[in-house]
Engineer: 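First the structure, then my questions, so here it is.
Small disclaimer: the values here were computed from a predicted structure and weren't measured. Side chains are part of it too, since the values below use all heavy atoms of this structure and drop only hydrogens, waters and symmetry mates.
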Amino acid sequence: MAISYLLRSSILAVAALLLFSVNLAKGDIREYQFDVKTTNVTRLCSSKSIVTVNGQFPGPTVFAREGDLVVIRVINHSPYNMSIHWHGIRQLRSGWADGPAYITQCPIQPGGSYVYKYTITGQRGTLWWHAHISWLRATVYGPIIILPKAGVPYPFPAPDKEVPVVFGEWWKADTEAVISQATQTGGGPNVSDAFTINGLPGPLYNCSAKDTFKLKVEAGKTYMLRLINAALNDELFFSIAGHTLTVVDVDAVYVKPFTVDTLLITPGQTTNVLLTTKPSYPGATFYMLAAPYSTAMSGTFDNTTVAGILEYEDPSSHSTAAFNKNLPVLRPTLPQINDTSFVSNYTAKLRSFATAEYPANVPQQVDTRFFFTVGLGTHPCAVNGTCQGPNGSRFAAAVNNVSFVLPSTALLQSHYTGRSNGVYASNFPAMPLSPFNYTGTPPNNTNVSNGTRLVVLPYGASVELVMQGTSVLGAESHPFHLHGFNFFVVGQGFGNFDPVNDPAKYNLVDPVERNTVGVPAAGWVAIRFLVDNPGVWFMHCHLEVHVSWGLKMAWVVQDGSLPNQKILPPPSDLPKC
């Protein structure tokens with residue numbers, strides 16, 4: 001009897017443990033509703049109507065744990081077509097929820113809605129969401145915070161507090177009008193009027209002292225800042241006066257910790273840093289500054305500086321006053337705007353954690369190699385037209401001389417239904433058709449072709465892609481984002497890529513793993529990734545002006561042979577074009 005009871009108790013205990021394990025493995029369901037609508041907001045002493053989610057700017061934070069199912073109902077009350085991209089989420093087999101308009105879905109029309117559903121698999125850290133149509137992400141964006149599974153600690157000392165810090169860009173003008181005018185004239189768009197931290201321009205801009213992000217801290221504590229660069233067109237340096245920052249995570253992947261005074265973050269990238277405050281009250285406040293990195297000659301960047309304030313709690317004061325104006329304010333020194341060597345040195349410090357628990361599964365062998373030139377170019381002006389691009393032409397941008405043209409229907413739907421004729425061609429060039437001295441004197445003819453041309457990849461292939469920057473219309477950095485995948489940055493350098501000697505210098509042991517990487521100005525970057533996600537996946541520069549000019553392309557990944565290697569069927573509420 002006792003044996004039977006013990007046996008039955010053991011079976012129940014094991015069953016309960018198995019049930020708990022199954023629930024833990026499946027994760028929770030996190031449900032949100034995003035009401036997209038116009039909202040009046042005042043910045044820089046002027047008010048305007050902007051597109052927001054739930055009336056918030058920046059938008060609401062999506063919280064989840066690794067393994068959770070996220071369900072977000074987006075209802076479009078705005079006058080614009082809308083789509084939302086969950087930047088950096090792998091979207092394994094759930095490409096219908098990825099979000100880029102005319103790539104994985106038709107946009108949500110005014111008055112329409114769509115439910116995005118995706119499971120967070122093998123990811124933890126900071127990502128973000130943003131509009132992925134036209135320039136609407138100027139104000140439609142917010143953080144995604146993915147905590148580890150319950151009971152799993154960070155692989156670094158747990159912070160006392162975590163704070164999202166989102167960099168943005170603000171125009172007094174309507175950004176849809178800004179890009180519309182640039183498209184009509186063929187010239188560069190008007191630059192922004194300010195950068196923002198968590199939607200606030202701060203004290204270095206006119207009449208904005210009241211709109212300042214203040215991080216209130218206690219002495220002797222550690223804070224994790226979840227940094228996100230949501231700016232449209234600018235890579236940013238970031239530093240806090242009198243304090244160092246320890247980088248522990250980029251693009252929701254742990255890295256070997258390293259400490260810096262200043263870091264670089266490109267549009268699309270995220271960086272988690274640990275900030276340890278001074279052991280005792282310092283009797284000062286400290287500027288947190290962000291300012292642009294750019295080598296551009298085309299003038300399409302905002303050369304201003306945004307400030308937030310790091311403010312210590314004074315243990316001797318009983319006042320609840322927000323800010324002691326009598327304290328000295330210390331200011332950090334940022335690199336020069338075009339300090340390419342700083343950028344190169346900083347990115348070289350990024351290394352994957354590469355442990356048994358958090359391995360760096362770098363493809364050691366490669367099935368397919370690609371070599372893409374990425375850079376600017378021109379389109380000829382219309383006959384009898386007047387254009388404001390270089391030498392009377394229109395600005396353009398291209399990958400392997402193909403300036404990508406968005407179709408009028410969604411590529412994923414066309415691929416899934418087998419109706420690609422007239423929508424896209426599967427002949428994107430694997431290498432430049434006309435090689436030239438990419439970082440030397442540019443060719444006289446800077447015109448690029450137009451097309452909706454894709455690369456088709458078999459499931460399970462391992463890919464190496466070298467992206468080569470060009471000096472056409474000026475050498476500049478291009479932060480490239482690949483949807484649907486993380487990749488390993490196995491090599492980078494300046495000048496033209498040398499296919500004979502450069503691969504010998506690759507790091508195949510602990511290269512950084514991420515979803516957005518800067519192609520160095522007048523240089524190249526090599527990435528590797530495993531093709532393990534069926535669907536159609538966008539890849540583009542994350543400088544919105546360059547996206548508008550055509551610096552984008554897409555990959556088709558075919559289904560694998562097994563059921564779990566095939567894309568799921570489209571949801572019934574998928575928007576129609």
Side-chain angles (χ1 to χ4, degrees), residues 88 229 235 250-251 253 255 263-271 293-296 338-352 360 362-363 366 368-376 397-400 430-432 435 437-439 455 462-472 474-483 485-530 537-543 546-547 551-553 555:
N229 188 348
E235 305 184 43
V250 297
D251 292 1
V253 181
V255 296
L263 58 80
L264 176 86
I265 185 167
T266 80
Q269 290 182 341
T270 66
T271 304
Y293 161 64
S294 179
T295 60
N338 61 351
D339 194 341
T340 299
S341 63
F342 174 92
V343 173
S344 175
N345 291 335
Y346 172 76
T347 55
K349 294 174 183 173
L350 294 164
R351 291 279 189 270
S352 280
V362 190
V366 172
T368 311
R369 286 183 165 84
F370 296 92
F371 182 83
F372 289 177
T373 57
V374 298
L376 305 186
V399 181
N400 273 357
M431 59 189 65
N437 182 4
Y438 308 114
T439 57
V455 173
S462 57
V463 167
E464 178 178 304
L465 166 63
V466 175
M467 289 184 280
Q468 171 73 62
T470 77
S471 58
V472 177
E476 56 184 293
S477 174
H478 298 283
F480 257 76
H481 172 49
L482 174 60
H483 290 230
F485 297 92
N486 281 351
F487 50 76
F488 293 95
V489 183
V490 296
Q492 55 188 352
F494 292 110
N496 296 339
F497 175 72
D498 181 342
V500 176
N501 296 309
D502 283 332
K505 306 168 195 168
Y506 283 175
N507 174 9
L508 301 179
V509 177
D510 63 349
V512 68
E513 178 184 353
R514 60 188 325 163
N515 63 61
T516 303
V517 67
V519 180
W524 56 271
V525 66
I527 65 173
R528 287 187 180 183
F529 61 97
L530 180 66
W537 304 107
F538 209 18
M539 190 178 82
H540 58 90
C541 179
H542 223 281
L543 304 180
H546 293 170
V547 178
L551 199 53
K552 50 197 174 186
M553 56 82 66
W555 311 78

Engineer: For Ser341, enumerate each residue passing the side chain to side chain donor-acceptor pair (under 3.5 Å) test, keeping only those at least two apart in sequence or located in another chain.
Structural biologist: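 Side chain to side chain donor-acceptor pair (under 3.5 Å) list for Ser341, sorted by chain: Asp339.
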Engineer: Distance alone, cut at 3.5 Å: any donor-acceptor contact between the side chains of Glu476 and Ser294?
Structural biologist: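 Per modelled atom types, Glu476 and Ser294 side chains form no pair under 3.5 Å.
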Engineer: The criterion is side chain to side chain donor-acceptor pair (under 3.5 Å); which residues satisfy it with Lys349, sequence neighbours excluded?
Structural biologist: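 Counting only residues at least two positions away or on another chain, Lys349 forms no side chain to side chain donor-acceptor pair (under 3.5 Å).
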Engineer: Could you tell me which residues satisfy ring-ring contact (aromatic ring centres under 6.0 Å, His included) with Tyr346, sequence neighbours excluded, listed by chain and number?
Structural biologist: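 In terms of ring-ring contact (aromatic ring centres under 6.0 Å, His included), with neighbours along the sequence ignored, Tyr346 is linked to Phe258.
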Engineer: Going by the rule side-chain contact (heavy atoms from CB on, under 4.5 Å), which residues pair with Asn437 if we only count those two or more places apart in sequence or in a different chain?
Structural biologist: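 In terms of side-chain contact (heavy atoms from CB on, under 4.5 Å), with neighbours along the sequence ignored, Asn437 is linked to Thr439, Asn496.
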Engineer: Distance from Ile527 atom CD1 to Glu464 atom CD, nearest 0.5 Å?
Structural biologist: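 These two atoms lie 9.5 Å from each other.
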Engineer: What residues, two or more places apart in sequence or in another chain, satisfy side chain to side chain donor-acceptor pair (under 3.5 Å) together with His540?
Structural biologist: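 By the side chain to side chain donor-acceptor pair (under 3.5 Å) rule, His540 matches His132, His483.
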Engineer: Among residues at least two apart in sequence or on other chains, which ones pass side-chain contact (heavy atoms from CB on, under 4.5 Å) with Val255?
Structural biologist: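 Val247, Val250, Val512.
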Engineer: Main chain of Leu350, side chain of Asp510: is a donor-acceptor contact present, judged purely on distance under 3.5 Å?
Structural biologist: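 Flag not set: sc Asp510 to bb Leu350 has no pair under 3.5 Å.
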Engineer: Holding to side chain to side chain donor-acceptor pair (under 3.5 Å), I want the full list of residues that pass it with Thr347, two or more places apart in sequence or in another chain.
Structural biologist: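 Partners of Thr347 under the side chain to side chain donor-acceptor pair (under 3.5 Å) test: Gln492.
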Engineer: Quick one: list whatever passes side-chain contact (heavy atoms from CB on, under 4.5 Å) with Thr516, sequence neighbours left out.
Structural biologist: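 Counting only residues at least two positions away or on another chain, Thr516 forms a side-chain contact (heavy atoms from CB on, under 4.5 Å) with His87, Asp251, Thr266, Gln269, Pro479, His481.
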Engineer: Donor-acceptor pair, Ser462 side chain versus Pro363 backbone, under 3.5 Å?
Structural biologist: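 Such a contact is absent between Ser462 side chain and Pro363 backbone.
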Engineer: Among pairs that include at least one residue of residues 495-515, which meet ring pair (Phe, Tyr, Trp, His ring centres under 6.0 Å), considering only residues two or more places apart or in two chains?
Structural biologist: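 Qualifying pairs, neighbours excluded: Phe497-Trp524.
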Engineer: State which residues pass side-chain contact (heavy atoms from CB on, under 4.5 Å) with Val472; sequence neighbours excluded, sorted by chain then number.
Structural biologist: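 Phe436, Pro442, Pro443, Thr446, Thr470.
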Engineer: Check ring-ring contact (aromatic ring centres under 6.0 Å, His included) between Phe372 and all other residues, then give those that pass, not counting sequence neighbours.
Structural biologist: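 Here the qualifying residues are Phe370, Phe428, Trp555.
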Engineer: Go through it in stages, so that I can follow the logic: the residues are Gln468 and Val525, the test is side-chain contact (heavy atoms from CB on, under 4.5 Å), and I'd like the CA-CA distance, side-chain angles, deciding distance and then a yes or no.
Structural biologist: CA-CA 7 Å; Gln468 171 73 62; Val525 66; over 6 Å; no
Engineer: Check whether any side-chain N or O of Asn338 sits under 3.5 Å from a backbone N or O of Thr295 as a donor-acceptor pair, and report yes or no.
Structural biologist: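 Between the backbone of Thr295 and the side chain of Asn338 there is no qualifying donor-acceptor contact (under 3.5 Å).
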